[in-house]
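Structure record follows, encoded as structure tokens.
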Amino acid sequence: MTNVKKNIDINRKASSSSWFNGLVWISSFLILFIFIGLILKLLWGSQQAFATFGIEFLTRAIWNPVTQQYGAVSAVLGTLVTSLIGIVIAIPLAFGSAYALSEIIPIRISRIVTPIIQLLAAVPSIIFGMWGFFFIVPLMARYVQPFLKHNFGHIPILSALFSGPPFGVGLFTGGLILAVMITPFIAAVMQNAFQNTPVLLKESAYSLGATKWEIMRYVTLAWSKKAVLGGIILGWGRALGETMAITFVIGNANKIGWSLFAPSNTISSLIALEFPESATGSLKMSSLMGLGVILMVISFLALFCSRYLLRQSERKLRGN
Amino acid sequence: MPLSYKNRFQRKTMLICCISLYIIMVNIAKAESLKTITGVGSSFAAPLYQAWASEVTKETHIQLNYQALGSSAGQNQVLAKTVHFGASDIPMTEQKRKNSNLMQFPTAMGGIVIVVHIPGIQSNQLQLTGSVLADIYSGKITKWNDPAIIALNKNQNLPDIDIAPIHRADGSGTTAVFTNYLSEQSADWKTNYGSNTSIDWPTGMGGKGNSSVASIVKNVEGSIGYIEYAYMLQSHLDAVKLKNKIGQFVAATPITFQNAANAANWDYDKGFNTNLIDVSGDQVWPIISATYVLVPIQEERTKDVIQFFNWGIQNGDKITIQLHYVSLPDSVKKKIISLWKDSNLTGQ
């Protein structure tokens, strides 16, 4: 009797666990299917643009709805340049604050500052956009660009970078806003990674007479390399896809040039602006879909590059 | 004892169930008597339709659900029959309308004004012509003290600063009307850039929506922009006088807009597809545009849509003017109403 009951219990357990198993399987595959469906839909939608313009869609800097001529270069360059400016500014800032908070600043203070940084990482991007539009843009237009033009305007290459009327918008302002947006994000990931380094390792290094910086350089960073790089790539990903904040400060002109202060555009911003006024089935809509494909490819490339770099560095570590 | 407790409990639940059922029934009945019409389209017309709707709902059983997704979305969705009406600032071509059996009529108009931010220049002090405006937006004139601008403004002290032309970055009916005006005024503009909801701007920077263009003009010294009249009032920007067809420099005011509406030649047969750009007449503002509604003629719910717009056109003028739109001339209203009658769309 008791044996039978036990059997039933086990059976019930097994069936409930298989039921749960199935649910987990389905949900993981659902994500895969949605992902594949999304890519197929984008490719299908962009077919017309690629068929009409061919490879020139990727190489021409034109966006003319009147003559129905579309090319992706200006938006792609805008996306890459702004996100690179953002990441170049953000990495030292994020590393500095993460290092300071986890190693240098007394724990009583860092306990207060850390949640604030995490809070900043969660601020909606539109807030940064408005702040950029009302604060950074006038600052750039009135002080920063005139200053740079006045002091570096006579040096050949720099003069090209700082040329143009002082709108205050453009690639540099966009990059700056992106940097402000992703710095807290990267800093939060880095700080987590630094704190997860085993204390034993650090203390043995101290006992050998290593300085704080040497420990950061050879122990903590070596230990947490993967997480740090992961955080940077995630931040870059956020910068690539950022739409609203950039729309406020990029200037929204489909032009390419050397100037960092000339109005420009990014892929996501262009899609957001043009989408509502594009007729379904039109070449314009298809070109916007094509831009979406390009943005996805760029994001994938970024992800694969980071994976590759990580694997290389791991191999090196193991080799040593 | 436990039984009576149970009974009491059951009675209580029964009572609660009955009350909630009653509330649900009443609400369903109410919802049935309210007829909701859905529309999608022009963001320019959205505040007007919403203001009309809040009055119409008080008097009739019609409720409006309007999504301001843009003129193209309005045309797309009414063609796909996902909405009861579409609203568009750009009239649909006759061919397209006939293929899908759609009726088109205007509901209101608006003026597009030119605003500037030049130190020392106040509202309506600067005078420009269409061709100079085209040269500014194409980057041929880059300074405010250019001889071409000084020739039109001999009494003004124009500073030596760069012109920053501001345009709409998002596709918009306002841009379509403005570039249409530039194309009519300058042959160069027509061949090089043309007119559309968004174009390949040769210079300047873009803002998203009227409000963004207005705040950029407010922020950037030396800028010039084109926006709907209401946004100029909201942002307290300085307007420009434009030269009209008969050679007068006119200021942008509700009166000059109304003059333009009255002077225009409305083509009843072509779905009121009228050229409102630079019409000839005394004290006429050159850049006004109408906003249109598209309805499928043979749909059942079209009668409700017509009832709504019938109210708006006949009784909505007060709201229309309050919100800084321009109401239709009486002759046009009469034509629209007779068009509805001919198609048996008015009355129940």
Could you check whether any side-chain N or O of N252(A) sits under 3.5 Å from a backbone N or O of A169(B), counting only pairs where one atom can act as donor and the other as acceptor?
no

Interchain contact, I166(B) with chain A, by part (heavy-atom threshold 4.5 Å):
side chain

Quick check on K41(A): does its NZ atom have over 12 non-hydrogen neighbours (other residues, nucleotides or ligands) under 6.0 Å away?
no

When only pairs under 4.5 Å are counted, which of T203(B), L79(B), I199(B) shares the most heavy-atom pairs with chain A?
I199(B)

For I55(A), I'd like to know if atom CD1 has over 12 heavy atoms of other residues, nucleotides or ligands within 6.0 Å.
no

Spacing of L69(B) atom CG and F275(A) atom CZ [to the nearest 0.5 Å]:
11.0 Å

Most heavy-atom pairs under 4.5 angstrom with chain A, which of G204(B), S223(B), G222(B)?
G204(B)

Examine whether an atom of S43(B) lies under 4.5 Å from a heavy atom of chain A, and if so say whether it belongs to the side chain, the backbone or both; otherwise answer neither.
neither

Are more than 12 heavy atoms from other residues, nucleotides or ligands located less than 6.0 Å from atom CZ of F300(A)?
yes

Is it the side chain or the backbone of N219(B) that comes within 4.5 Å of chain A heavy atoms, both, or neither?
both

Note: vs chain B, highest number of non-hydrogen pairs under 4.5 angstrom among A253(A), S282(A), G251(A) is G251(A)

How about CG on N157(B), more than 12 heavy atoms from neighbouring residues, nucleotides or ligands closer than 6.0 Å, or not?
no

Report the distance from atom CZ of F134(A) to atom OG of S215(B), rounding to the nearest 0.5 Å.
5.0 Å

Exceeds 12 heavy-atom contacts within 6.0 angstrom, atom NZ of K149(A)
yes

Checked G194(B), G207(B), S198(B), A164(B) vs chain A; the most non-hydrogen pairs under 4.5 Å come from S198(B)

Main-chain N/O of N64(A) paired to D200(B) side chain as donor or acceptor, under 3.5 Å
no

After noting the C-alpha distance and the side-chain angles of T197(B) and K284(A), does the key distance pass the side chain to side chain contact (heavy atoms under 4.5 Å, CB included) rule?
CA-CA 12 Å; T197(B) 50; K284(A) 188 173 170 188; 4.1 Å; yes

K255(A) side chain vs W201(B) backbone, donor-acceptor pair below 3.5 Å
yes

Just wondering, are more than 12 heavy atoms of other shown residues or ligands nearer than 6.0 Å to CD1 in I157(A)?
no

With a 4.5 angstrom heavy-atom cut-off, could you sort out which part of F133(A) is near chain B: side chain, backbone, both or neither?
both

Could you tell me whether R238(A) atom CZ has more than 12 heavy atoms of other residues or ligands within 6.0 Å of it?
yes

Between T142(B) and chain A, which part of the residue has a heavy atom less than 4.5 Å away: side chain, backbone, both or neither?
neither

